[in-house]
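Presented below is the structure to which this report refers.
Naming convention: chains lettered A, B, ... in sequence-line order (proteins, then strands); numbering from 1 in each chain.
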Number of protein chains: 2
Amino acid sequence: MSKTEKKDTKSLIMDLAENAIIEGGFNAFSFRELAAQIGIKSASVHYHFPTKGDLTVSVLRRYKDNFASELPCVETSHASANQLLNGFIDGFKTKIVDNHNMSICTMLTTDVRQLPDEVREELADFYRIKLNWLGSVFMLETGMDEKQAQIKACQMLASLHGASILVQATGDVEKYEDAVGYLRQ
Amino acid sequence: MSKTEKKDTKSLIMDLAENAIIEGGFNAFSFRELAAQIGIKSASVHYHFPTKGDLTVSVLRRYKDNFASELPCVETSHASANQLLNGFIDGFKTKIVDNHNMSICTMLTTDVRQLPDEVREELADFYRIKLNWLGSVFMLETGMDEKQAQIKACQMLASLHGASILVQATGDVEKYEDAVGYLRQ
DNA sequence: GTCTATACGGTGATAGAC
DNA sequence: GTCTATCACCGTATAGAC
């Protein structure tokens, strides 16, 4: 939340769209629904975002930039590699799994065939950022080379996303820790 | 494929629906589309499956039963635990990832909030079957107890599903092996 | 910026004829 | 089993007034 409670319509639309995407993916929101939640008409939403693709790109980019800016800087932070990794695992649980949600990336990935190209590129870039950050953490203290670090990053990111799938499908939150516990140190 | 090439309409509908769900999830197919692919009208599809939920349940149940029947019996098969596990990892790659698809379970899991109750239960049961099978394999040769085996099963299943997400989002098939290679022995 | 009005097509589902 | 016809929506998107 920003200091001032008041939000302009554009941000409000993005907030609601973000929520809807997280809960149901690309097909789970409509301009009409978003408009109704704010108390305006769908035509007004189109004024701010001409197409659904435009809106989705904006939402995803904002989310990604915000995500990236909240990641501790690997070089300057005084945290150990293990602290950084555990923090990443915990963050995924607190922000996503505990809210009975899946990551916005997972949600959009299963809709990949229906996404406009720009959204697909934005999405791929988001994964790249996560993998690069994790990779740089893995290289931090160990003598790991870049290739090895990227493999570890893939392994970890896959585990987290897959764990959230198990939780969502079974309704059993404990499966998250079952699935990713081996990553903690 | 069955011996005889001819299929009744009902099976044909299920085949096409299965394909559509795998490619786009619960919202990616309509009775009209399915009907058009067969050369009948949507009302005729409703004759075989009254609602979309009915059709999806049928498809998922058939898929699950077929999947279960193709799993090697842990007790009677002469394969080692490692052979069984590697076979599971390879099967996921060949049948799903190499076809640029995601598992039908992953696709439906991200649609969970929009699914009729019966579909959701069928889906949860599918995961249970996979986890139980993997668990029983883990108990096969090691001295692992049931709780430990279930944890390993969760870990492995999460890795496979998560790996397929990475592949789908980045378009890079090699990420599958990067993410799950650690499971092989 | 937001509105009204509207175009145009897709959607799940049903009634009743053949 | 399959059809025609139809219902009551919901979807994205646009033109033009205020």
Q. Among pairs that include at least one residue of residues 33-58 of chain B, which meet salt bridge (Lys or Arg N to Asp or Glu O under 4.0 Å), considering only residues two or more places apart or in two chains?
A. none

Q | Stretch residues 35-60 of chain A: residues that reach within less than 4.0 Å of DNA chain C through a heavy atom | A | G39(A), I40(A), K41(A), A43(A), S44(A), Y47(A), H48(A)

Q: Scan for ring pair (Phe, Tyr, Trp, His ring centres under 6.0 Å) pairs involving residues 135-158 of chain A, sequence neighbours excluded, and state none if there are none.
A: none

Q. Can you check the L34(B) CG to dA13(C) P distance for me, whole Å?
A. 12 Å

Q) Is there a residue in residues 10-31 of chain A whose heavy atoms reach under 4.0 Å of DNA chain D, and which residues are they? A) F29(A), S30(A), F31(A)

Q) Can you check the E33(B) CD to dG12(C) C1' distance for me, whole Å? A) 13 Å

Q. Between G53(B) and P116(B), which heavy-atom pair has the shortest distance, and what is it?
A. CA-CG, 3.8 Å

Q) Cationic tip of K152(A) within the cone over Y182(B)'s six-membered ring, i.e. under 6.0 Å and within 45° of the normal? A) no

**Q.** By ring-ring contact (aromatic ring centres under 6.0 Å, His included) - contacts of H46(A) (at least two apart)
**A.** F31(A)

Q: State whether the distance check finds a donor on one side and an acceptor on the other, under 3.5 Å, for side chain R32(B) versus base dG10(C).
A: no

Q. Tell me the side chain to side chain donor-acceptor pair (under 3.5 Å) pairs involving residues 107-128 of chain B, sequence neighbours left out?
A. N101(A)-R113(B), T110(A)-T110(B), N27(B)-Q114(B), R61(B)-E122(B), K64(B)-E122(B), K64(B)-D125(B), T109(B)-Y127(B), D117(B)-R120(B), D125(B)-R128(B)

Q | Salt bridge E177(B)-R184(B), side-chain N to carboxylate O under 4.0 Å | A | yes

